[in-house]
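Throughout, protein chains are lettered first and strands after them, A, B, ... in sequence-line order, and every chain is numbered starting at 1. Quantities reported herein were computed from a predicted structural model and do not represent experimental measurements.
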2 protein chains.
Amino acid sequence: MDHSPTKPHHHGALRAALIQAGIDILQSDGLQGLTLRKCAARAGVSHAAPAHHFDGLVGLKGAIAHHGLSLFRDAMLAASAGAADDLAQLKGICRGYLDFAAAQPALFRLMFGFEKHEHRKVSVELDDDLAYEVLRQACAPFVRDDLPAPILEAQVWSLIHGYATLYLSGNFLRELHALPQQQAFEQVMAAFDRMVTR
Amino acid sequence: MDHSPTKPHHHGALRAALIQAGIDILQSDGLQGLTLRKCAARAGVSHAAPAHHFDGLVGLKGAIAHHGLSLFRDAMLAASAGAADDLAQLKGICRGYLDFAAAQPALFRLMFGFEKHEHRKVSVELDDDLAYEVLRQACAPFVRDDLPAPILEAQVWSLIHGYATLYLSGNFLRELHALPQQQAFEQVMAAFDRMVTR
DNA sequence: ACTTGCAATTTGACGCTGTCAAGTTATGTG
DNA sequence: CACATAACTTGACAGCGTCAAATTGCAAGT
């Protein structure tokens, strides 16, 4: 028998390894393919090891979503860096939003796809805005007396999130998908021109 | 020659019963709780009976989503009936959109939550627009030379779909949820006033 | 009326899943 | 070095989707 010489992960290393394994599995197998046992196997530990680092599968998903949100924030920031003006910056963030969803669809679905009863378990790890703060700052220059920040943020976020979600679905927005992706995106985001200017 | 739709012999239409059972289970147990075996049990048949009416679990989900889309369309039509003008009609449809998502969150998630590899299996049942046609007609009065129909429809659909999705998530749009639901909805949908008027 | 055919359904099995209980091992501290 | 404790393994259990084979029951053919 080959006793594996693998030395046990110590303090906290396994937690990060399991999260990374989960992200890899999401990328290759989709959201349905994300499994506690597969994460454990990929991290080189037994099927019950994750239980000591996460509160079950929901807890692991919450931790993956939390890490994904930080990647998401970085992607949006990178996409909006070097924008010429405030409007270009806002659209850059939306571009990063869509590109992230397209590049990591399963992770994106996981991040925004929790059911209500799961939220209680993972909300502690998600509620420190992370990504929301980026959007809020990009919206700030366009706040007016008759357009308070929460409303404007909700309009912007709803538009880009809905577009990204429907884009991922593939089954909807068919006529739009006939256009080149870049052109369709820009024309839809042109809605901001009217929403945001006086 | 005429191969009419199969009429089950023992009980009534098992196919319809399974779909209704699925919708009931979605309502009570959520999307995760939707199971082939539970649908079969609730319909009073054995765990393998559904296999003869649907192509596995994905097929059943597709059929449920298909039926859900017709309910969805009816809800939007009902919510927009008797609108004073074109804009009120558009907003009424959006109201119906959100209310449906809030009333049947798990069914709503199922309808829009298929993964890409699942779409091939169920696309045949979903692609006959059903709900999209309602939105398209509501958008038609606002089409302009510089705002072709597919773009406008994508803008409207993205906004209301993103809002409904983020609303269901509960974990996002926190500041907005502090407002009364009706007021928040109306203020967000006020974006249409600017997007749509010349 | 009786047989035959066939579709619907059941039964049973398989491997996979999440989770729990108990046992084992390694680590860090006195 | 001894030992307490956290980390990890092992094993078991019920529930899941799916397949194969056996069974049932209606409908038509003769």
Side-chain angles (χ1 to χ4, degrees), chain A residues 1-19 21-22 25-26 28-65 106 110 114-115 117-118 121-122, chain B residues 1-19 21-22 25-26 28-65 106 110 113-115 117-118 120-122:
Chain A
M1 63 171 64
D2 49 345
H3 257 91
S4 64
T6 59
K7 100 179 168 190
H9 295 77
H10 52 280
H11 180 61
L14 179 55
R15 178 179 226 271
L18 286 168
I19 291 174
I25 290 172
L26 281 176
S28 58
D29 297 4
L31 186 50
Q32 290 279 9
L34 179 66
T35 277
L36 257 178
R37 292 170 108 106
K38 277 203 278 192
C39 286
R42 182 178 268 259
V45 292
S46 78
H47 67 267
H52 290 262
H53 296 274
F54 307 100
D55 184 11
L57 177 62
V58 174
L60 173 59
K61 283 183 175 177
I64 293 173
L110 175 66
F114 285 100
E115 293 205 52
H117 65 89
E118 296 174 319
K121 273 192 174 183
V122 300
Chain B
M1 154 181 190
D2 55 346
H3 204 250
S4 57
T6 57
K7 183 183 175 188
H9 43 49
H10 214 193
H11 298 96
L14 180 54
R15 190 186 147 95
L18 287 168
I19 291 176
I25 290 172
L26 281 176
S28 57
D29 297 5
L31 186 50
Q32 290 279 8
L34 180 66
T35 276
L36 257 178
R37 293 170 107 105
K38 277 203 278 194
C39 287
R42 182 178 266 260
V45 292
S46 78
H47 66 267
H52 290 262
H53 296 274
F54 307 100
D55 185 9
L57 177 62
V58 174
L60 173 58
K61 283 183 174 176
I64 293 173
L110 174 67
F114 285 101
E115 292 206 53
H117 65 89
E118 296 174 320
R120 215 160 285 123
K121 274 192 174 181
V122 299

Contact state string [nucleotides 15-21 of chain C, B base, S sugar-phosphate only, - no protein heavy atom under 4.0 Å]: --BBBB-
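The two residues B:Ala63 and B:Arg15 have their closest heavy-atom pair at CB-NH2, 4.0 Å. Closest of all the heavy-atom pairs between A:His47 and A:Pro50 is O-CD, 3.6 Å.
When the C1' atom of D:dC16 is taken as reference, atom CG of B:Asp29 falls 14 Å away, rounded to whole Å. In this structure, the CZ atom of B:Arg15 is 18 Å from the P atom of C:dA7, given to the nearest Å. The interatomic distance linking B:Phe54 (CZ) with D:dT18 (P) rounds to 13 Å, in whole Å. Straight-line distance from the CD atom of B:Gln32 to the C1' atom of D:dC16: 12 Å, rounded to whole Å.
Residues forming a side chain to side chain donor-acceptor pair (under 3.5 Å) with B:Asp55 (at least two apart in sequence, or on another chain): none. Under the salt bridge (charged side-chain N to carboxylate O under 4.0 Å, His left out) criterion, A:Arg37 pairs with no residue at all, not counting sequence neighbours.
With contacts defined as side-chain heavy-atom distances shorter than 4.5 Å, the pair B:Leu60/B:Leu36 qualifies. Side-chain atoms of B:Ile19 and B:Phe54, non-hydrogen and from C-beta on, do get closer than 4.5 Å to each other.
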